[in-house]
Amino acid sequence: MSSYDRIYAIVRQIPYGQVATYGQVAELADLAGRARLVGYALFRVSPLQDDVPWHRVINAKGEISESPFRNGGDYLQRSLLESEGVQFSPTGKISLSHYRWQPD
DNA sequence: TGCTTGACTTTAC
DNA sequence: AGTAAAGCCAAGC
């Protein structure tokens with residue numbers, strides 16, 4: 001049981017049509033302050049964990065952080081979110097105050 | 001074994 | 001408002 005497994009568990013709990021920031025996921029996964037690990041963990045393992053909705057995890061700015069080395073799917077993440085009904089601002093930002101996942 | 005890099009966050013100017 | 005620096009942990013070389 002590594003810390004990463006907790007991250008996947010949290011991400012898997014993000015409901016449809018909602019998003020969460022790296023920092024939030026980190027905190028829920030008992031990894032407060034280690035937001036970087038969340039992003040890194042997803043980058044390393046998400047392709048292997050097809051049951052993890054990694055596209056619902058974004059940065060604190062409400063923007064999508066994509067890596068130039070991602071599988072060519074540059075705007076894939078955005079497309080997936082739009083498919084779930086998430087509205088993007090003209091600048092490509094998401095209204096966190098409205099779509100942010102707020103667990104009880 | 002040790003340094004560099006990276007899907008980040010927060011505070012400060 | 002945009003930019004800068006520090007804190008964090010793991011993987012790659």
Side-chain angles (χ1 to χ4, degrees):
Chain A
M1 184 67 172
S2 58
S3 304
Y4 286 171
D5 294 320
R6 269 209 211 79
I7 295 174
Y8 311 137
I10 298 298
V11 176
R12 223 172 330 202
Q13 287 169 41
I14 301 177
Y16 181 96
Q18 294 197 299
V19 299
T21 63
Y22 292 97
Q24 183 177 6
V25 173
E27 192 168 347
L28 292 172
D30 281 322
L31 296 172
R34 274 132 285 204
R36 228 174 192 189
L37 276 301
V38 177
Y40 204 50
L42 290 176
F43 170 71
R44 303 294 287 174
V45 190
S46 84
L48 311 178
Q49 308 285 326
D50 54 334
D51 53 303
V52 177
W54 54 271
H55 55 272
R56 292 183 190 146
V57 184
I58 57 179
N59 59 19
K61 299 189 282 288
E63 257 284 356
I64 294 179
S65 300
E66 35 185 288
S67 176
F69 289 98
R70 262 306 256 156
N71 65 63
D74 325 13
Y75 38 103
L76 170 64
Q77 181 166 13
R78 171 161 175 172
S79 299
L80 288 169
L81 290 175
E82 288 181 322
S83 290
E84 301 191 352
V86 177
Q87 300 275 322
F88 281 75
S89 298
T91 51
K93 293 208 284 193
I94 301 174
S95 303
L96 283 175
S97 43
H98 190 241
Y99 293 107
R100 193 172 189 241
W101 175 39
Q102 295 174 12
D104 302 306

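In what follows, every chain begins at residue 1, and chains take the letters A, B, ... in the order their sequences are listed. As the structure is a prediction and not an experimental result, all values here were calculated from the model.
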Problem set entry | Protein-nucleotide distance (A:Phe43, atom CZ; C:dG12, atom P), rounded to Å | 10 Å
Seminar exercise, completed: Output field dot_bracket for DNA chain C (Watson-Crick or G-U, both distances under 3.5 Å, | for other-strand pairs) contains .||||||.|||||
Seminar exercise, completed: When rounded to the nearest 0.5 Å, the distance separating CZ of A:Arg12 from CZ of A:Arg56 is 12.5 Å
Problem set entry | Rounded distance (Å) that lies between atom C1' of C:dA11 and atom CG of A:Leu42 | 15 Å
Problem set entry | Value in whole Å for how far the C1' atom of B:dA7 lies from CD of A:Gln77 | 8 Å
Please table the atom pairs, donor to acceptor, closer than 3.5 Å between any side-chain atom in residues 18-26 of chain A and protein atoms at least two apart or in another chain.
residue, atom, partner, partner atom, Å
A:Thr21, OG1, A:Gln24, N, 3.2
A:Gln24, OE1, A:Arg100, NE, 3.3
A:Gln24, NE2, A:Trp101, O, 2.6

Seminar exercise, completed: Taken to the nearest whole Å, OH/A:Tyr8 to P/B:dA7 is 16 Å
For this session: Give the rounded distance in Å between these two atoms: CD1 of A:Ile10 and P of B:dC8.
Result: 20 Å
Side-chain polar contacts of residues 27-44 of chain A - donor-acceptor pairs under 3.5 angstrom, sequence neighbours left out - could you list them?
residue, atom, partner, partner atom, Å
A:Arg34, NE, A:Ala32, O, 3.0
A:Arg34, NH2, A:Ala32, O, 2.3

Seminar exercise, completed: Between A:Gly17 and A:Val86, the two heavy atoms sitting closest are O-CG2, 3.8 Å
Exercise. Can you tell me how far the CD atom of A:Gln87 sits from the CD atom of A:Glu82, to the nearest 0.5 Å?
Worked result: 8.0 Å
Seminar exercise, completed: Residues passing the side chain to side chain donor-acceptor pair (under 3.5 Å) test with A:Ser95, sequence neighbours excluded, are none
Problem set entry | Shortest side-chain distance from A:Arg44, nucleotide among C:dA11, B:dT9, B:dA7 | C:dA11
Seminar exercise, completed: One should read off an interatomic distance between A:Ile7 CD1 and A:Gln49 CD, to the nearest 0.5 angstrom, of 11.0 Å
Problem set entry | Interatomic distance, A:Glu27 CD vs C:dG7 C1' [rounded to whole Å] | 16 Å
For this session: Just compare C:dA11, B:dT10, B:dA7 and give me whichever is closest to any side-chain atom of A:Trp54.
Result: B:dA7
Seminar exercise, completed: Atom NZ of A:Lys93 and atom C1' of C:dA1 are separated, to the nearest Å, by 10 Å
Seminar exercise, completed: In this structure, CD1 of A:Ile64 is separated from CZ of A:Phe88 (nearest 0.5 Å) by 4.0 Å
Seminar exercise, completed: In numerical order, the residues of residues 28-41 of chain A whose heavy atoms come under 4.0 Å of DNA chain C are A:Gly33, A:Arg34, A:Arg36, A:Leu37, A:Tyr40
Problem set entry | Between P of B:dT10 and OH of A:Tyr22, the distance in whole Å | 14 Å
Exercise. So, is A:Thr21 close to the B:dC8 phosphate, meaning a side-chain N or O under 4.0 Å from OP1 or OP2?
Worked result: no
For this session: Tell me which residues in residues 79-89 of chain A put a heavy atom below 4.0 Å from DNA chain C, sorted by number, or none.
Result: none
